[in-house]
Amino acid sequence: MASSVARRIPQLLGVVGAGQMGAGIAQTAAAQGLPVILADVTQDSLDRGSANIHRSLARQVQKGQLTQEEADLVKGRIRTDLSLKALDKADFIIEAVSENERIKQSIFEQLSRITGPHTVMATNTSSISITRIAAATQRPQQVVGMHFMNPVPVMKLVELIRGMQTSDEVHHAADSFAQHLGKTVCNSNDRPGFIVNRVLMPMINEAFYTLMEVHA
């Protein structure tokens, strides 16, 4: 059973966090025909996330990238919920809340109790250790990093990060899923900044140095 997870596309995707990243991930998955449950802690957050999805789809319709019928089908594949318990049947979950390690660890601890033994639990963190997040769960081998770029429906790159205990099956499942979403995958070890931010931060620092020297 565990090895089969690497060969199949999720039947039900759970997304935790209805902010810009979570809403974008939900929209992208629904556009590929997947049913999605988008969960957050307040109705206001869910309403804003849904509104962002609807605006994004409306822009695609306006540009001729989607028909109105196709956009309506995407909307219909996404349902929202205020409880993580609604994700108990999801076979793949992506957490996309704010970059706060304690919040993420709390969510993953709950997910590991709610979900089935073969559910893949991914985090969209851009810099927090996957190994530390996974340590809060009962099944660290099921945890993997999937760092999507913003805006998710447009940007093609996904960083795939395996923690120290991430299983090969889960890593392969995440890779296959990202490719199913039309993304280009780059693999990273669980190191500070992964790849994108490790390259980006020195570049930003150099930009500040350049500005300082120009105006010195």
Are any of the side-chain nitrogens in Arg132 or Asp190 under 4.0 Å away from the carboxylate oxygens of its partner?
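Not counted as a salt bridge, because no side-chain N and carboxylate O are separated by less than 4.0 Å.
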Gln142 and Thr137: side chain donor to acceptor below 3.5 Å:
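No, because no side-chain N or O of Gln142 sits under 3.5 Å from a partner of the opposite role on Thr137.
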Does any donor atom in the side chain of Ser188 or Glu159 lie under 3.5 Å from an acceptor atom in the other side chain?
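No, no side-chain donor-acceptor pair sits under 3.5 Å.
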Do [X] and [Y] have side chains that get closer than 4.5 Å, going by heavy atoms?
{"X": "Ile37", "Y": "Val15", "result": "no"}
{"X": "Leu160", "Y": "His171", "result": "yes"}
{"X": "Lys183", "Y": "Thr28", "result": "yes"}
{"X": "Gln141", "Y": "Val170", "result": "no"}
{"X": "Lys104", "Y": "Ile128", "result": "yes"}
{"X": "Thr115", "Y": "Arg139", "result": "yes"}
{"X": "Asn150", "Y": "Gln20", "result": "yes"}
{"X": "Val97", "Y": "Glu95", "result": "yes"}

Please name the residue in the list Leu46, Thr42, Asp40 that meets the side-chain contact (heavy atoms from CB on, under 4.5 Å) test with Asp44.
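Of the listed options, the one satisfying the test is Thr42.
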Looking at [X] and [Y], what are the two nearest heavy atoms and their distance?
{"X": "Val143", "Y": "Ala134", "answer": "CB-CB, 3.7 Å"}
{"X": "Arg113", "Y": "Glu109", "answer": "NE-OE2, 2.7 Å"}
{"X": "Leu157", "Y": "Cys186", "answer": "CD1-SG, 3.9 Å"}
{"X": "Ala26", "Y": "Leu38", "answer": "CB-CD1, 4.4 Å"}

Please tabulate, one pair per line, all N/O donor-acceptor pairs under 3.5 Å involving side-chain atoms of residues 79-88, not counting sequence neighbours.
residue: Asp81; atom: OD1; partner: Ser83; partner atom: N; Å: 2.9
residue: Ser83; atom: OG; partner: Lys85; partner atom: N; Å: 3.0

Would Val16 and Ile94 count as a side chain to side chain contact (heavy atoms under 4.5 Å, CB included) if you check the C-alpha gap in whole Å, the side-chain angles of each, and the deciding distance to 0.1 Å?
CA-CA 6 Å; Val16 182; Ile94 302 174; over 6 Å; no
When you look at Ile93 and Val120, which way does the side chain to side chain contact (heavy atoms under 4.5 Å, CB included) test go after all the steps?
CA-CA 6 Å; Ile93 296 174; Val120 176; over 6 Å; no
Would you say [X] and [Y] are hydrophobically clustered, going by side-chain heavy atoms of ILVMFWY under 4.5 Å?
{"X": "Phe148", "Y": "Val154", "answer": "no"}
{"X": "Val41", "Y": "Leu111", "answer": "no"}
{"X": "Ile161", "Y": "Met164", "answer": "no"}

Pairs meeting criterion ring-ring contact (aromatic ring centres under 6.0 Å, His included) with involvement of residues 82-114, two or more places apart:
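Counting only pairs at least two positions apart or across chains, the ring-ring contact (aromatic ring centres under 6.0 Å, His included) contacts touching residues 82-114 are Phe92-Phe177.
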Please check if the number of heavy atoms outside Gln68 that lie under 6.0 Å from its CD is greater than 12.
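Above 12, so yes.
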Applying the side chain to side chain donor-acceptor pair (under 3.5 Å) test to Gln27, which of Gln60, His54, Arg77 qualifies?
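For Gln27, the side chain to side chain donor-acceptor pair (under 3.5 Å) test succeeds with only one of Gln60, His54, Arg77, which is Gln60.
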